[in-house]
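Okay, so here's the structure we're looking at.
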There are 2 protein chains.
Amino acid sequence: METIPRKFSANAYLRDCASRTVLDAIANRWTCLLVDALRDGPIRFGVLRRRLDGITQKSLTQTLRNLERDGVVIRTVYPTIPPRVEYSLSELGGSVVSLMEGIKHWSEEHVTEILAARETYDLRAAQEPRPVPVQPAG
Amino acid sequence: METIPRKFSANAYLRDCASRTVLDAIANRWTCLLVDALRDGPIRFGVLRRRLDGITQKSLTQTLRNLERDGVVIRTVYPTIPPRVEYSLSELGGSVVSLMEGIKHWSEEHVTEILAARETYDLRAAQEPRPVPVQPAG
DNA sequence: CAGCATCCAATTGGATACTG
DNA sequence: CAGTATCCAATTGGATGCTG
């Protein structure tokens, strides 16, 4: 009787589990917006740059490179002058689109509620008595 | 005839839209793991600390404070000695659990595939001809 | 136990200049 | 157009010590 091969079980709670690096790769602002922007098909570098308002060329390049390296994004270079480079999602990338889109959507849906919560919190914090310093000034 | 009040439409693509700050708040490693860890009910600070392997006390405190401020997390202090503090999800927090869990799960499911992609990429990169320096050494 | 305060190293991010 | 390279400011993150 054979032992059933136990499947490797990743656990992102563990600091040394490689899935933690994957979590880091996708759970950040630019990856979320970038993957969402790629959902409707190939898109050029310059268009992406303008769409992800506030991203620098450096950050965009790095985010794209990392996702390409991870097999999430496909980079296609057309040997024209001037150069034309298009980015699209791989099948793997397609499998994470709904999650990224979901996060973006959630942020937009709940922003008003959250801004209100922040205001309330800050107001209460301002009203609370300050902790007495160990060495009072003066 | 009244004008229909046009609903404010948030857009996280825009750098100055407040929803961008919400995106930043939830799209990061610790928030993802933290919210996921809170899904099964109230949990103490020390337990969280041990569960989110590798997090420092400082980072955990800050992540919890920010989410509390945003109305995602509820902090309950029991006036005992020693102090006992429990964290749980608000209703708002509950509405984002499935997304956070989804990201964690996706990371764990695709880690092998992604590690392979990285290896392939790095191998190809090592084989590619180096760009000729403008001022060749020697 | 659940923090806060502080110091410091390391990583990130922006601005700028240049290239095939 | 789509990058690379570099310099530098700013933010982050870890380690440590202390407290109600």
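In what follows, chains are A, B, ... by sequence order, proteins preceding strands, each numbered from 1. Side chains included, hydrogens not; waters and symmetry mates left out as well; all remaining heavy atoms used.
When the side-chain nitrogen and oxygen atoms of A:Arg44 are compared with OP1 and OP2 of D:dA2, one or more of them lie within a distance under 4.0 Å. Within the 4.0 Å cut-off from OP1 or OP2 of D:dT12, not a single side-chain nitrogen or oxygen of B:Arg29 is found. Within the 4.0 Å cut-off from OP1 or OP2 of C:dT12, not a single side-chain nitrogen or oxygen of A:Ser59 is found. The side chain of B:Arg15 contributes no N or O atom lying less than 4.0 Å from OP1 or OP2 of C:dG13. In this model, the phosphate group of D:dG14 is approached by a side-chain N or O of B:Thr56 to a distance below 4.0 Å at OP1 or OP2.
The distance between atom CZ of A:Arg49 and atom C1' of C:dG13, rounded to the nearest whole Å, is 13 Å. Protein atom NZ of B:Lys58 is 18 Å distant from nucleotide atom P of D:dC18, rounded to whole Å. Separating the CG atom of B:Leu52 from the P atom of D:dG14 is a distance of 12 Å, rounded to the nearest angstrom. For B:Asp24 and D:dT11, the CG to P distance is 14 Å, given to the nearest whole Å. Rounded to a whole Å, the CD atom of A:Gln62 is 13 Å from the P atom of C:dT11. Remark: C1' of C:dT19 and CD1 of A:Ile81 are 13 Å apart, rounded to the nearest angstrom. In this structure, B:Arg65 places its CZ atom 11 Å from P of C:dA5, rounding to the nearest Å. As rounded to whole Å, 14 Å separates atom P of D:dT12 from atom CG of A:Asn28.
Considering OH of A:Tyr121 and CZ of B:Arg69, their distance stands at 8.0 Å, rounded to 0.5 Å. The CD1 atom of B:Ile114 sits 10.0 Å away from atom OG of A:Ser19, with the distance rounded to the nearest 0.5 Å.
Looking only at atom types and distance, the side chain of B:Ser95 has no donor-acceptor partner in the side chain of B:Glu91 under 3.5 Å away.
Closest-nucleotide positions on DNA chain D for A:Thr61 and A:Pro83 were compared, and the one nearer the 5' end corresponds to A:Pro83.
When each of B:Leu67, B:Thr76, B:Val73 is paired with B:Tyr87, the side chain to side chain contact (heavy atoms under 4.5 Å, CB included) condition holds for B:Val73 and for no other.
Side-chain proximity of A:Gln57 to D:dT4, D:dA2, C:dG3: nearest is D:dT4.
The closest donor-acceptor contact from the side chain of A:Ser90 to the backbone of A:Gly71 lies under 3.5 Å.
Counting non-hydrogen atoms under 4.0 angstrom, B:Tyr78 reaches nothing in the nucleic acid.
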